[in-house]
Amino acid sequence: MDELRIRGGNPLVGEISISGSKNASLPILAASILTAAPVTLSNIPDLKDVRSMLDLLRGLGIETTPLNAGKLTIQAAELTSLVAPYELVSTMRASFLVLGSILARYGRVSVSLPGGCAIGTRPVDQHLKAFAKMGAKIDLIDGYVHANTDGRLRGTEIEMDVVTVGGTQNVLMAATLADGTTVIHNAAREPEIVDLASFLRCMGASIKGDGTNTITVTGTDTLHGCEFQVMSDRIETGTYLAATLATHGCVRLLNANPSSLIAVTTAGRKFGADITVKGSTIDISARRSRLSPVSITTTAYPGIPTDLQAQLMVVNCLANGVSTITETVFENRFMHIQELVRMGADIFLKNPTTAVINGVSRLSGTRVMATDLRASSCLVIGALAAQGESIIGRIYHLDRGYERMEDKLASLGGVVERTQT
Ligand code: UD1
């Protein structure tokens with residue numbers, strides 16, 4: 001199994017380019033099923049979750065060219081299977097997003113339930129409730145969701161009981177081929193939803209209100225092929241921002257999407273960093289000897305994303321004072337705390353959703369274990385900032401969501417080596 005060996009203590013300095021967004025690419029790949037025509041995508045990051053989605057698409061009989069310099073062409077001329085199997089859906093929840101696009105195009109589909117995951121139970125009840133309201137018959141048998149319609153899905157009013165990114169995406173895709181108009185109330189507003197809507201519009205869909213909490217989709221009989229460039233990854237951007245702060249570095253991030261990260265750059269400035277934004281470039285300088293603590297509560301967009309909670313916690317671990325971090329999106333997303341404590345952080349849980357962090361002047365390198373994707377990147381940041389060497393185990397989590405992380409860190413002066421046990 002691969003491990004990362006990191007010798008910490010060097011400030012990150014230099015410039016790197018931000019990759020295409022994982023969380024925008026996955027739903028866009030699933031949405032390419034909506035048309036029989038070829039779709040050409042660019043700025044797709046080369047990472048494990050994208051490869052898993054491409055494996056799933058190929059297993060359904062969809063043709064894809066190899067991913068080359070972020071570009072690939074997909075053609076779902078005719079699906080040879082309408083089943084998304086457990087083996088793929090259980091490794092990556094976003095596979096569940098093929099439900100909406102296959103159901104809308106073929107009127108039936110079977111998708112494995114994703115099951116639990118390290119950061120909480122993560123149900124899909126909102127997805128299923130919405131498809132039932134659109135006229136699908138939903139049966140749960142042997143761990144699979146079997147969805148069937150007599151003909152097309154019907155456009156209708158859908159009220160989401162919780163703000164769900166995946167639920168909004170699944171219904172948004174399906175509604176483009178439904179009969180009539182669908183209105184999604186209490187929709188998620190994440191930039192990745194706006195990117196998906198832009199892609200669907202590029203395929204000929206009629207969508208209004210994406211980026212607000214009410215999205216209106218007027219269904220059409222068919223969609224056509226198109227060329228589309230995926231947005232850049234705001235979570236990768238925020239991760240390197242946190243790494244720059246924690247190591248007191250000076251980094252230029254190119255090809256970023258600063259308007260999707262305003263809550264995070266605002267927090268960065270409160271920590272005491274100088275952050276300037278020009279077009280798609282973000283300059284971060286955190287040369288002050290101690291940062292200020294910043295209390296954070298994660299929320300749906302446009303708040304601080306839950307996917308950056310762990311990385312920003314490391315910055316607070318090294319700040320001069322006390323802060324709290326409250327996680328409101330997932331119920332079990334503090335597993336990195338025990339590992340950070342092993343590196344010398346002073347953190348205790350006030351209650352299951354709030355951590356109290358007493359800043360320390362230094363972390364020390366040690367052996368730690370990654371538990372999920374974003375927790376892994378927080379341990380990398382901790383290790384880069386720590387004195388001495390750290391070894392991070394189970395980094396397959398990291399490979400799911402960060403493109404060429406070791407190369408990017410090395411180009412910023414990070415001393416990072418991948419080894420095998
Ligand atoms: C997506 C992101 C993930 C991010 C999360 C929240 C992708 C591939 N993943 O995950 O990185 O952390 O948004 O920004 O884009 N919920 C229900 N019922 C449902 C669906 C969700 O109760 O049917 C709950 C979840 O348990 C969770 C909350 O809603 O507590 C938000 O989940 P959701 O927005 O759906 O997350 P994902 O789409 O899975």
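Index from 1, following the sequence. As the structure lists them, so they are numbered: ligands from 1, and atoms in each ligand from 1.
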Thinking salt bridges, do [X] and [Y] make one under a 4.0 Å N-O criterion?
X: R201; Y: D210; value: yes
X: R234; Y: E192; value: yes
X: R374; Y: D372; value: no
X: R333; Y: E327; value: no

Going through the checks in order, is the side-chain contact (heavy atoms from CB on, under 4.5 Å) test met by E3 and I392? CA-CA 6 Å; E3 296 183 330; I392 305 176; over 6 Å; no
With atoms numbered from 1 as shown, which atoms in ligand 1 lie under 4.0 angstrom from a non-hydrogen atom of [X]?
X: V124; result: 19 (C), 23 (O)
X: Q126; result: 18 (N), 19 (C), 23 (O)
X: H127; result: 23 (O)
X: G166; result: 35 (O), 38 (O)
X: V329; result: 27 (C), 28 (C), 30 (O), 31 (C)

[X] near ligand 1, heavy-atom distance under 4.0 Å?
X: R93; answer: yes
X: R333; answer: yes
X: P123; answer: yes

Contact (N/O only, under 3.5 Å) between [X] and ligand 1:
X: V165; result: yes
X: E331; result: no
X: T164; result: yes
X: E190; result: no
X: F330; result: no

For atom 4 (C) of ligand 1, which of D307, D161, D49 has the closest heavy atom? D307
Validation row: Y301, V163 side chains within 4.5 angstrom (heavy atoms): no
Nearest non-hydrogen partners of [X] and [Y], listed with the distance:
X: V124; Y: P114; answer: CG1-CG, 4.0 Å
X: A385; Y: L318; answer: CB-CD1, 3.6 Å
X: L88; Y: T91; answer: O-OG1, 2.8 Å
X: A147; Y: I138; answer: CB-CD1, 3.8 Å

Applying a heavy-atom cut-off of 4.0 Å, say which part of [X] lies close to ligand 1: side chain, backbone, both or neither.
X: T306; value: side chain
X: V162; value: side chain
X: D125; value: both

Between K137 and D150, does a salt bridge (Lys or Arg N to Asp or Glu O under 4.0 Å) hold up when you go through it step by step? CA-CA 9 Å; K137 181 172 170 297; D150 289 328; over 6 Å; no
